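What follows is a single structure, written as structure tokens, with notes after it.
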Amino acid sequence: MKTMPIVQARNSLTTLPEQFEKQPGLDAVAVTRRGKPVLAVMPWELYESLVETLEILGDKEMMSSLRKSVKEIEKGKLVPWKKVKREMDF
């Protein structure tokens with residue numbers, strides 16, 4: 001993660017999208033005030049992904065289903081893709 005003082009961030013705000021595109025490993029910029037992080041700037045896709053992940057983690061029913069699925073995978077209880085396609089009429 002890149003760190004940037006708030007004054008520099010203000011001056012660079014309009015060019016940050018291009019910086020994210022040019023540096024694929026750059027996920028977010030920590031904006032600091034007096035050396036302490038106060039904001040995070042990130043690409044919209046990353047933000048959406050984080051929100052979706054938090055929604056899933058906060059949904060007890062969905063997490064229960066996910067845990068059950070992981071256990072089934074670990075036990076080798078898989079359904080072949082061809083069978084799934086047949087059942088879904090693909």
Side-chain angles (χ1 to χ4, degrees):
M1 182 183 302
K2 183 176 181 177
T3 302
M4 183 179 295
I6 200 162
V7 172
Q8 183 184 352
R10 184 177 5 170
N11 295 332
S12 302
L13 189 59
T14 59
T15 62
L16 282 175
E18 288 77 17
Q19 288 182 40
F20 286 122
E21 286 178 11
K22 288 179 185 175
Q23 300 174 27
L26 180 62
D27 292 331
V29 174
V31 179
T32 61
R33 180 184 289 146
R34 296 183 200 99
K36 295 184 180 182
V38 292
L39 295 170
V41 179
M42 65 188 75
W44 186 253
E45 295 80 19
L46 177 57
Y47 170 77
E48 285 181 319
S49 175
L50 290 171
V51 168
E52 184 177 341
T53 299
L54 290 173
E55 287 174 356
I56 291 168
L57 291 172
D59 185 323
K60 291 180 183 182
E61 192 174 307
M62 194 176 293
M63 284 305 298
S64 174
S65 178
L66 179 60
R67 285 186 192 98
K68 181 181 174 187
S69 297
V70 169
K71 286 179 184 176
E72 289 176 355
I73 290 169
E74 288 171 349
K75 291 178 181 178
K77 294 183 179 179
L78 304 172
V79 178
W81 176 239
K82 289 182 181 181
K83 181 178 178 183
V84 172
K85 284 178 21 179
R86 271 195 315 270
E87 289 176 3
M88 297 184 76
D89 294 327
F90 275 104

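Keep in mind that what you see is a predicted model, and the values were worked out from it rather than measured.
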**Prompt:** Can you name the closest pair of heavy atoms from Met42 and Asp27 and give their distance?
**Reply:** CB-O, 3.5 Å
**Distance-minimising heavy-atom pair for Thr14 and Pro17** = O-CD, 3.7 Å
**Asked** By the rule that ILVMFWY residues connect when side-chain heavy atoms come within less than 4.5 angstrom, directly or transitively, which residues belong alongside Ile6?
**Response** Met4, Val7, Leu13, Leu16, Phe20, Leu26, Val29, Val31, Val38, Leu39, Val41
**Pairs involving residues 60-77, ordered by first then second residue, that meet side-chain hydrogen bond (donor to acceptor under 3.5 Å, both in side chains) (sequence neighbours left out)** = none
**Request:** Treating Ile, Leu, Val, Met, Phe, Trp and Tyr as nodes and any side-chain heavy-atom pair under 4.5 angstrom as an edge, say whether Trp81 and Met88 lie in one connected cluster.
**Result:** yes
**Message:** Would you say Val79 ends up clustered with Ile73 if hydrophobic residues are merged whenever their side chains have heavy atoms under 4.5 Å apart, either directly or through other cluster members?
**Reply:** no
**Fill in**
For Thr3, the side chain to side chain contact (heavy atoms under 4.5 Å, CB included) test, sequence neighbours excluded, returns Ala30, Thr32
**Message:** Which residues pass the side chain to side chain contact (heavy atoms under 4.5 Å, CB included) test with Thr15, not counting sequence neighbours?
**Reply:** Ser12, Glu18, Gln19
**Request:** Mind jotting down which residue pairs meet the ring pair (Phe, Tyr, Trp, His ring centres under 6.0 Å) criterion with at least one end in residues 56-76? Sequence neighbours excluded, please.
**Result:** none
**Prompt:** Which is it for Met63 and Leu66 under the side chain to side chain contact (heavy atoms under 4.5 Å, CB included) test, yes or no, and what are the steps along the way?
**Reply:** CA-CA 5 Å; Met63 284 305 298; Leu66 179 60; 4.2 Å; yes
**Fill in**
Residue set satisfying side chain to side chain donor-acceptor pair (under 3.5 Å) with Glu48, at least two apart, ordered chain then number -> Trp44
